[in-house]
A.B. asks: 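Quick one: structure below, then a few questions.
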Protein chains: 2
Amino acid sequence: MPPLTTTAHALLGLLAVQPWTSYELTKQMGRSLQHFWPRAESKLYEEPKKLVAQGLATATTRTVGRRTSTVYAITPAGRRALRRWTATPGAGPVLEFELLLQVFFGDHGTKADLLDNLDACAEWAAERTRTNIEVAREYATGTGPFPARTAQSTLVAAFLTRHWDAVADWAAWARGVVEQWPDDLSAATPPWEVIREVAARPLPPSPIGRIRSAEEA
Amino acid sequence: MPPLTTTAHALLGLLAVQPWTSYELTKQMGRSLQHFWPRAESKLYEEPKKLVAQGLATATTRTVGRRTSTVYAITPAGRRALRRWTATPGAGPVLEFELLLQVFFGDHGTKADLLDNLDACAEWAAERTRTNIEVAREYATGTGPFPARTAQSTLVAAFLTRHWDAVADWAAWARGVVEQWPDDLSAATPPWEVIREVAARPLPPSPIGRIRSAEEA
DNA sequence: CCTCCTTTACTCCCCTGGGGAGTATGGCGG
DNA sequence: CCGCCATACTCCCCAGGGGAGTAAAGGAGG
């Protein structure tokens, strides 16, 4: 009985809403959770089998013509496991950002490449923002999926919006800074005002002792 | 001759600054790059060997007493590979955020647990902000490491600051929202103003045709 | 001077997960 | 009725995570 992974709990969360086929689970993970818990499609087909093996979900086979599909449903034990999971503090955000790495080492390339990379960041953020606006309009007109879950969804959407705005704002700001730099990037002047602003902040109080940072859990 | 990974290029970037021992490379990755390119320590010992195999770096063994350490240095071919990499647009940000997942499925737990998870997010952000301020103060007083790289570092630090601020702001805001909710989370009222604000934004123009999103690259 | 703890300096290995390839059938548009 | 897209999966290679294990150097404290 190996301990359940976070992905298993995510699937339990979806199953707690309603039963789904494996295919629908992968679609759902791709649509709504991909932005903060991206997982490979093939693994999303494997995972629910483990839930069944642990008695946290049931699988029923449905047949259409000569094709079969598996419908998963959560069990009371599954709901208990889900509830237990929400009570155990999980990991904080983990970020992978190759374009930022390229900006960090941008002085080993050309100024034009650096600007291109910043533009790619801006375009990435614009793309997310575009679909974000479309989804928000659906919810605003009451045509969004799962209206009963709007409260939770909006809380999450509020974070993602801030996140994508942060990327967009930064990319636009950084472009303005880099445009002022000479072609020889080793002679670039740092935007000191950023350093000064952060240095001038008061240190937030550290919770001495009892608290450990979230990702240790 | 398999194509180089992003991690390999990150190490080339470090080696372009100065030669390092494997141990120093792992420390450096842990200190500066961990926030946007986290990698397992054991792999950071393996990776430079591949660079040497491809002729992008050289390894020299140094002996202190009866202990040996390997010093890696970049070659001209390594610098060319690094330059080529900065000219090929990389992937956009990829986020993993378990606490957000727990917030998303928070309606299957208690309100108290939901608030705890939001507090954990706030504490995570406060922790990052703390070390961020300390580092900024070093640079402000001119005592930061690698002053010649301050321009690039500041560009990256500006993004990370925005990112951590976004987490902190969101966690504080979400706490305020959830506090207003009843104990029965299924009766929670969504913060509609978020949806309205996003829905009211003009759609950013989509670059028809030529551009593909960053992460396809 | 001796001891012990921390830092330096790695190697090994199991297993999770990414991700592409492959295989079929159902349904629908033209 | 043909072809394409959506549905519904399985298989497998290999990159990478991460913990365990090993060992010597350096420094702090008695």
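Just so it is clear, the model here is predicted, and its values are computed rather than measured.
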A.B. asks: Rounded to whole Å, please give me the gap between NZ in K27(B) and P in dT8(C).
C.D. replies: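 One finds 7 Å between P of dT8(C) and NZ of K27(B), rounded.
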
A.B. asks: Report the nucleotide, chosen from dA9(C), dC9(D), dC11(D), that has the shortest atom-to-atom distance to any side-chain atom of S22(A).
C.D. replies: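 Comparing dA9(C), dC9(D), dC11(D) against the side chain of S22(A), the answer is dC9(D).
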
A.B. asks: When you get a sec, tell me which of dG19(C), dG16(D), dA9(C) is the closest nucleotide to the side chain of T5(B)?
C.D. replies: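 So the side chain of T5(B) is nearest to dG16(D).
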
A.B. asks: Rounding to a whole Å, what distance do you find between M29(A):CE and dG18(C):C1'?
C.D. replies: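 In whole Å, dG18(C) C1' lies 14 Å from M29(A) CE.
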
A.B. asks: Within the structure shown, what part of the strands sits under 4.0 Å from T68(B) by heavy-atom distance: base, sugar-phosphate, or nothing?
C.D. replies: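 The residue T68(B) makes sugar-phosphate contact but no base contact.
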
A.B. asks: For the side chain of A40(B), counting heavy atoms from C-beta on, which of dG18(D), dA9(C), dG17(C) is nearest?
C.D. replies: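 So the side chain of A40(B) is nearest to dG18(D).
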
A.B. asks: Please determine whether a side-chain nitrogen or oxygen atom of T21(B) lies at a distance below 4.0 Å from atom OP1 or OP2 of dT8(C).
C.D. replies: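 For T21(B), the contact criterion (side-chain N or O under 4.0 Å from OP1 or OP2 of dT8(C)) is not met.
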
A.B. asks: Rounded to whole angstrom units, what separation is found between the CD atom of Q34(A) and the C1' atom of dG19(C)?
C.D. replies: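 Computing the Q34(A):CD to dG19(C):C1' distance gives 15 Å.
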
A.B. asks: Starting from the C-alpha separation in whole Å, work towards a yes-or-no answer on salt bridge (charged side-chain N to carboxylate O under 4.0 Å, His left out) for E41(B) and K27(B).
C.D. replies: CA-CA 9 Å; E41(B) 197 205 353; K27(B) 288 293 124 172; 5.8 Å; no

A.B. asks: Can you check the R67(B) CZ to dG27(D) P distance for me, whole Å?
C.D. replies: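 Result: 12 Å.
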
A.B. asks: Quick one: which of dG26(C), dG18(C), dC10(C) gets closest to the side chain of S69(B)?
C.D. replies: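 Given the options dG26(C), dG18(C), dC10(C), the side chain of S69(B) is closest to dC10(C).
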
A.B. asks: Measure from the side chain of Y23(A), starting at C-beta and using heavy atoms only, and say which of dC10(C), dT7(D), dC13(C) lies closest.
C.D. replies: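 Given the options dC10(C), dT7(D), dC13(C), the side chain of Y23(A) is closest to dT7(D).
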
A.B. asks: Select one nucleotide: of dG26(C), dC12(C), dC9(D), the one nearest the side-chain heavy atoms of R66(A).
C.D. replies: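 When the side chain of R66(A) is considered, dG26(C) is the closest of dG26(C), dC12(C), dC9(D).
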
A.B. asks: From the set dG17(D), dG18(C), dA9(C), return the single nucleotide nearest to any side-chain atom of K43(B).
C.D. replies: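 Looking only at heavy atoms from C-beta outward on K43(B), the closest nucleotide is dG17(D).
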
A.B. asks: Give the rounded distance in Å between these two atoms: CG of L4(A) and C1' of dG17(C).
C.D. replies: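 Whole-Å distance recorded here is 16 Å.
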
A.B. asks: Let's go through R130(B) and E127(B) carefully: what are the C-alpha distance in whole Å and the side-chain angles of both, what is the deciding distance for salt bridge (charged side-chain N to carboxylate O under 4.0 Å, His left out) to 0.1 Å, and is it a yes or a no?
C.D. replies: CA-CA 5 Å; R130(B) 216 140 40 220; E127(B) 180 62 41; 2.6 Å; yes

A.B. asks: Quick check on DNA chain C: between R39(A) and E24(B), whose nearest nucleotide comes earlier from the 5' end?
C.D. replies: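 First, find each residue's nearest nucleotide; the 5'-ward one identifies E24(B).
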
A.B. asks: Of T70(A) and E46(A), whose closest DNA chain D nucleotide lies nearer the 5' terminus?
C.D. replies: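 That would be T70(A).
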
A.B. asks: Please state how far atom CZ in R62(A) lies from atom C1' in dT7(D), giving the value in whole angstrom units.
C.D. replies: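 Result: 10 Å.
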
A.B. asks: Between dC10(C), dA8(D), dA25(D), spot the one nearest the side chain of Y45(B), thanks.
C.D. replies: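 In terms of side-chain proximity for Y45(B), the closest of dC10(C), dA8(D), dA25(D) is dC10(C).
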
A.B. asks: Rounding to an integer number of Å, can you tell me how far L44(A) CG sits from dT10(D) C1'?
C.D. replies: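 Distance, rounded to whole Å: 14 Å.
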
A.B. asks: Is the NZ or CZ atom of R80(B) positioned over W85(B)'s six-membered ring, under 6.0 angstrom from the centre and within 45° of the axis?
C.D. replies: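 R80(B) over W85(B) ring: no.
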
A.B. asks: Would you mind telling me which residue lines up with the more 5' stretch of DNA chain C, E96(B) or G65(A), judged by nearest nucleotide?
C.D. replies: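 Per heavy-atom nearest nucleotide, the more 5' residue is E96(B).
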
A.B. asks: At what distance, to the nearest 0.5 angstrom, does CG of N132(B) lie from OG1 of T161(B)?
C.D. replies: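 Going from the CG atom of N132(B) to the OG1 atom of T161(B) covers 4.0 Å.
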
A.B. asks: By the 4.0 Å heavy-atom rule, please label K49(B) as base, sugar-phosphate, or nothing.
C.D. replies: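 It contacts sugar-phosphate atoms only.
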
A.B. asks: As a test of reading the structure: which of dG17(D), dC9(D), dG17(C) is closest to the side chain of E41(A), going by heavy atoms?
C.D. replies: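 Closest nucleotide among those given: dC9(D).
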
A.B. asks: Which nucleotide, dC9(D), dA8(D), dG19(C), lies nearest any side-chain atom of S42(A)?
C.D. replies: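 Within the option list, the nearest is dG19(C).
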
A.B. asks: Can you tell me how far P of dC9(D) sits from CH2 of W20(A), to the nearest Å?
C.D. replies: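 After rounding, the gap between these two atoms is 15 Å.
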
A.B. asks: Between E96(B) and P93(A), is any pair of side-chain heavy atoms under 4.5 Å apart?
C.D. replies: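 A side-chain contact is absent here, since even the closest heavy-atom pair is not under 4.5 Å.
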
A.B. asks: If you draw the axis of the six-membered ring of F105(A), does the NZ or CZ of R149(B) fall within 45° of it and under 6.0 Å from the ring centre?
C.D. replies: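 Verdict for F105(A): no cation-pi partner in R149(B).
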
A.B. asks: How is P48(B) classified with respect to the nucleic acid when contacts are heavy atoms under 4.0 Å: base, sugar-phosphate, or nothing?
C.D. replies: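 Nothing: the residue P48(B), judged by heavy atoms under 4.0 Å, touches no strand.
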
